[in-house]
Engineer: 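Shown below is the structure under consideration.
Computed over heavy atoms, backbone and side chain alike; hydrogens, waters and symmetry mates excluded.
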Amino acid sequence: MDQNQKRILAAGLLVCVAVAIFQIYFALILLVILITVLISLQIMRETRGFPDITCRLQEDAKGIAVRNRGNAKAVAIHLAVVPLDLEFDIPPLEPEETTTLAVPHMISEAKAVITFENEAGRKYSRTVMVSATGEGEEDLLKPMIPLFGWK
């Protein structure tokens, strides 16, 4: 635990003990809220330094846009387009930064294999289907559990 989490825990426990003198049930509710906040802080701490590289075709299908959607700088980025035998080494990308790679001919459909590292040296890999028709692209509005014949 870092210093801020210890301070939050100490202050929360003091408030819970003070409230427990008058209302035990309200103090227990505050204790549950305190535990929830501490768990949330722990999850946020564990997700720092995580680059998230994705790619998609440009509208004219003559280029590939590579984007870092994560919260850390991505280094040693390598992109291989299968089965077109195209390979690219991409310079480091900051969070929310995008770079575009030109390809020699239009791509109708392919698979992009991306390998990259964060600044600490942890390696990541991702496979993305790219298509000129938009099939296989990630739909951010798709529900986790589609009900009632979604789309």
Engineer: With a 4.0 Å cut-off, would you call Arg126 and Asp52 a salt bridge?
Structural biologist: yes

Engineer: For Leu86 and Val103, work out which heavy atoms get closest and say how close.
Structural biologist: CD1-CG1, 4.0 Å

Engineer: Given 3.5 Å as the limit, does a donor-acceptor pair link the side chain of Gln42 with the main chain of Ile39, or not?
Structural biologist: no

Engineer: Are Met44 and Ile8 linked, directly or through intermediate hydrophobic residues, by side-chain heavy-atom contacts shorter than 4.5 Å (ILVMFWY only)?
Structural biologist: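 Ile8 clusters together with Met44.
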
Engineer: Taking the side chain as C-beta and beyond, is there a heavy-atom pair between Ile77 and Thr115 under 4.5 Å?
Structural biologist: no

Engineer: Decide yes or no for Ile64 and Thr100: does some side-chain heavy atom of the first lie under 4.5 Å from some side-chain heavy atom of the second?
Structural biologist: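 Side-chain contact under 4.5 Å: no.
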
Engineer: What I'd like to find out is whether the side chain of Thr98 reaches to under 4.5 Å of the side chain of Val66, using heavy atoms alone.
Structural biologist: no

Engineer: Using 0.5 Å steps for rounding, measure from the CG atom of Leu31 to the CD1 atom of Ile35.
Structural biologist: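 Going from CG on Leu31 over to CD1 on Ile35, the span is 4.5 Å.
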
Engineer: Are any non-hydrogen side-chain atoms of Cys55 and Val130 less than 4.5 angstrom apart?
Structural biologist: yes

Engineer: When rounded to the nearest 0.5 angstrom, what is the spacing between NZ in Lys111 and CG in Leu84?
Structural biologist: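 If we round to the nearest 0.5 Å, Lys111:NZ and Leu84:CG are 12.0 Å apart.
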
Engineer: So with a 6.0 Å cut-off around CG of Asp60, is the heavy-atom count from everything else above 12?
Structural biologist: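 Yes, the 6.0 Å shell around CG holds more than 12 heavy atoms from other groups.
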
Engineer: With heavy-atom distances below 4.5 Å as the criterion, would you say the side chains of Val15 and Leu30 are in contact?
Structural biologist: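 A side-chain contact exists here, since the closest heavy-atom pair is under 4.5 Å.
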
Engineer: I'd like to know if the side chain of Asn68 reaches the main chain of Glu96, judged simply by a donor and an acceptor atom lying under 3.5 Å from each other, with no hydrogens or angles considered.
Structural biologist: no

Engineer: Can you name the nearest heavy-atom pair linking Leu57 to Ser131, along with the distance?
Structural biologist: CD1-C, 3.5 Å

Engineer: Which heavy-atom pair separates Ala110 from Val81 by the least distance, and what is that distance?
Structural biologist: CB-CG1, 3.7 Å

Engineer: Where do Ala132 and Ile107 come nearest, in terms of heavy atoms and distance?
Structural biologist: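 Distance-wise, the nearest heavy atoms are CB-O, 3.6 Å.
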
Engineer: So, taking the atom named OG1 in Thr99 and the one named CD in Glu94, what distance separates them when rounded to the nearest 0.5 Å?
Structural biologist: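 Those atoms lie 13.0 Å apart.
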
Engineer: Shared ILVMFWY cluster between Val37 and Leu13, side chains joined below 4.5 angstrom?
Structural biologist: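 Looking at the clustering, Leu13 is in the same group as Val37.
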
Engineer: Just so I know, are the side chains of Ile114 and Phe116 near enough to count as touching, which here means a heavy-atom distance under 4.5 Å?
Structural biologist: yes

Engineer: Can you get from Val75 to Phe88 by hopping between Ile, Leu, Val, Met, Phe, Trp and Tyr side chains that sit under 4.5 Å apart?
Structural biologist: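 Val75 does not cluster with Phe88.
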
Engineer: State which residues pass side-chain hydrogen bond (donor to acceptor under 3.5 Å, both in side chains) with Glu87; sequence neighbours excluded, sorted by chain then number.
Structural biologist: His78

Engineer: With the 4.5 Å side-chain cut-off for hydrophobic clustering, are Phe26 and Ile24 part of the same group?
Structural biologist: no

Engineer: About how many Å separate NZ of Lys73 and CD of Glu119, when rounded to the nearest 0.5 Å?
Structural biologist: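 Rounded to the nearest 0.5 Å, the CD-NZ separation comes to 5.5 Å.
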
Engineer: Between Pro51 and Ala74, which heavy-atom pair has the shortest distance, and what is it?
Structural biologist: CB-CB, 3.7 Å

Engineer: Should Val19 and Ile21 count as side-chain neighbours, where that means a heavy-atom distance under 4.5 Å?
Structural biologist: no

Engineer: Strictly by ring pair (Phe, Tyr, Trp, His ring centres under 6.0 Å), give each pair with a member in residues 43-63 just once, sequence neighbours left out.
Structural biologist: Phe50-Tyr124

Engineer: Kindly compute the distance separating CG (Leu14) from CG (Leu9), expressed to the nearest 0.5 Å.
Structural biologist: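 It comes to 9.5 Å.
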
